[in-house]
Amino acid sequence: MTSLFALVDCNNFYASCERAFNPSLIGKPVVVLSNNDGCVIARSNEAKALGIKMGVPAFEMAALVKTQEVQVFSSNYELYGDMSRRVVETLRQFTPNLEVYSIDESFLDLGNLRGVDLGAYAHSIKATVQQWTGIPVAVGVAPTKTLAKIANRLSKKSAKAGGVLVLTDERHITEALKRTDISDVWGVGRRYAKKLAAFGVHTAWDLRNVTDAFAKKHFTVVGLRTVRELRGEACLDLELVPPSKQNICTSRSFARRLTELQDIEQALTSHAVRCATKLRKQKSCAGALTVFLETSRFAGEGQLYYNSRTLSLASATSSELELLRCALMALRSIYRPGYRYKKTGIILQDIVPANQVQLSLLDSGNRERDARLMGTLDALRERFGHTCVGYGVQGTGKVWAMKKDHISPCYTTRLADLLQVK
DNA sequence: TCTGGGGTCCTAGGACCC
DNA sequence: TCTGGGGTCCTAGGACCC
């Protein structure tokens, strides 16, 4: 019994989410910007056709926005997250064995569908998601995840495929691999693509035909796995339950440069609270944390600064009181006056399940009291929004708050926003 | 003026131990 | 002058993903 996977990928996901609730955008070039309206992270097909590249800074696009009436949106993760959940719930109608790979991609196990018309099945997945959520998707089906990725990608490129491609026949797989550039293979990034090209490996077909020894020597066991997957040998299973995270990070660029420690403390406090909330959500505790502080990478000579400080906790905790105290201590130790700072953030590390925490003899805090307080805070924030309760050091001014000049309404999660829709 | 945020995994090499 | 060898743990850095 051979394996069979489908990769369902939402087309231009963030742009499609904006469109799903605003039909006047259909047929127009739409782009979605990163946090702080920094650079382009999603484009509709019309925007791609105008030559707008992924990752370009928003200001470089100004002329096109004017002349071509490009519709620009700040990112609205509340909306995209909710739409993502709707898509996944729809996909669950088709198989109980599903891996949510990212906000806009899921792998489905179709291993029990031998004898079924796979093309028709894939088409019905696509049509159902479109009908139930308004989000267009592409479906690629193949014996391994890596091949399903390739099938998915080709399904979007060919007008004939129309967003669905089944690669089970050896002849079709060979043809697909010959048409796929090495850098478009899942797991091969820019660096490896360059290195492979130097060995005369240019297409996925070339890569499939290298020896195991070559793959292992130059691209580690990860690369070898990719080669085997290209040959149709499934090495990557579906991850039905998302593994709990080993690091949890929250960081943001400031809307404008900050110079004062107090302002940066406000930002870091908010990040630490968010980060600790994520930690408790996966029922874990952290044994260490790192705080970093940096100027813009584009700052001039002598104005560049980056520093970070890692602190270990006496025993792992999920109390934001403790984490916050440590984070601020770390920040104060790396802050230097005289720089124009761009970004700060916190990374929680040495993460363990909350029920396996080793208590330290030096542990001085009142763990039970803190745990009750955290439970209350989580419940309040869940109900009234993340900013409803905070700390004095957070301030109320939000001098660091993100720029979001083009935000759309949270159509799916806020009644007030929905009522405003005309 | 303006350039995102969040993750994972693997390896090499040093420290340290017996 | 001789200057083992094997194992483990940790960390930094490099590569990748969305």
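Bear in mind that the values here come from a model prediction, so they are computed numbers and not experimental data.
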Nucleic acid contacts of residues 215-242 of chain A, taken as heavy-atom distances under 4.0 Å to DNA chain B = A:Thr220, A:Val221, A:Val222
query = What does A:Asp104 touch in the nucleic acid at a heavy-atom separation under 4.0 angstrom: a base, only the sugar-phosphate, or nothing?
reply = sugar-phosphate
request  = Output yes when at least one side-chain N/O atom of A:Arg257 is less than 4.0 Å from OP1 or OP2 of B:dC2, else no.
outcome  = yes
query = Tell me, which of residues 330-350 of chain A have any heavy atom that sits under 4.0 Å from an atom in DNA chain C?
reply = none
task = Give the B/S/- string for nucleotides 7-13 of chain C, one per nucleotide from 5' to 3', where a protein heavy atom under 4.0 Å of the base yields B, of only the sugar-phosphate yields S, and otherwise -.
result = -------
ask   = Any idea which of C:dC18, B:dT3, B:dG4 is nearest the A:Asn35 side chain?
value = B:dG4
query = Centroid-to-centroid, A:Phe73 to A:Tyr14, below 6.0 Å?
reply = no
Sugar-phosphate, base or nothing in reach of A:Thr250, heavy atoms under 4.0 Å = sugar-phosphate
query = Closer than 4.0 Å, any side-chain N/O of A:Ser34 to the OP1 or OP2 of B:dT3?
reply = no
key: Test item: side-chain donor near acceptor, A:Thr250 and A:Arg274, under 3.5 Å   = no
ask   = Which string of ( ) [ ] | and . matches DNA chain B, if you list each base 5' to 3' and count Watson-Crick or G-U pairs only when both distances are under 3.5 Å?
value = ....||||||||||||||
query = How would you label the contact of A:Ile248 with the nucleic acid (heavy atoms, under 4.0 Å): base, sugar-phosphate, or nothing?
reply = sugar-phosphate
key: Distance-only polar pair, side chains of A:Asp181 and A:Ser183, donor-acceptor under 3.5 Å   = yes
Side chain of A:Phe59 - closest among B:dG4, B:dG5, B:dT3 = B:dT3
query = Any side-chain donor paired with an acceptor under 3.5 Å for A:Ser408 and A:Asn76?
reply = yes
message = Checking A:Asn307 now: which residues fulfil side-chain hydrogen bond (donor to acceptor under 3.5 Å, both in side chains) with it, not counting sequence neighbours?
response = A:Tyr305
inquiry  = Counting C-beta onward and ignoring hydrogens, is there a side-chain heavy-atom pair between A:Arg86 and A:Glu89 closer than 4.5 Å?
reply    = no
ask   = Hey, can you pull the residues of residues 187-198 of chain A with a non-hydrogen atom under 4.0 angstrom from DNA chain C?
value = A:Gly187, A:Val188, A:Gly189, A:Arg190, A:Arg191, A:Tyr192
ask   = Touch check for A:Glu105, heavy atoms < 4.0 angstrom, all strands: base, sugar-phosphate only, or nothing?
value = sugar-phosphate
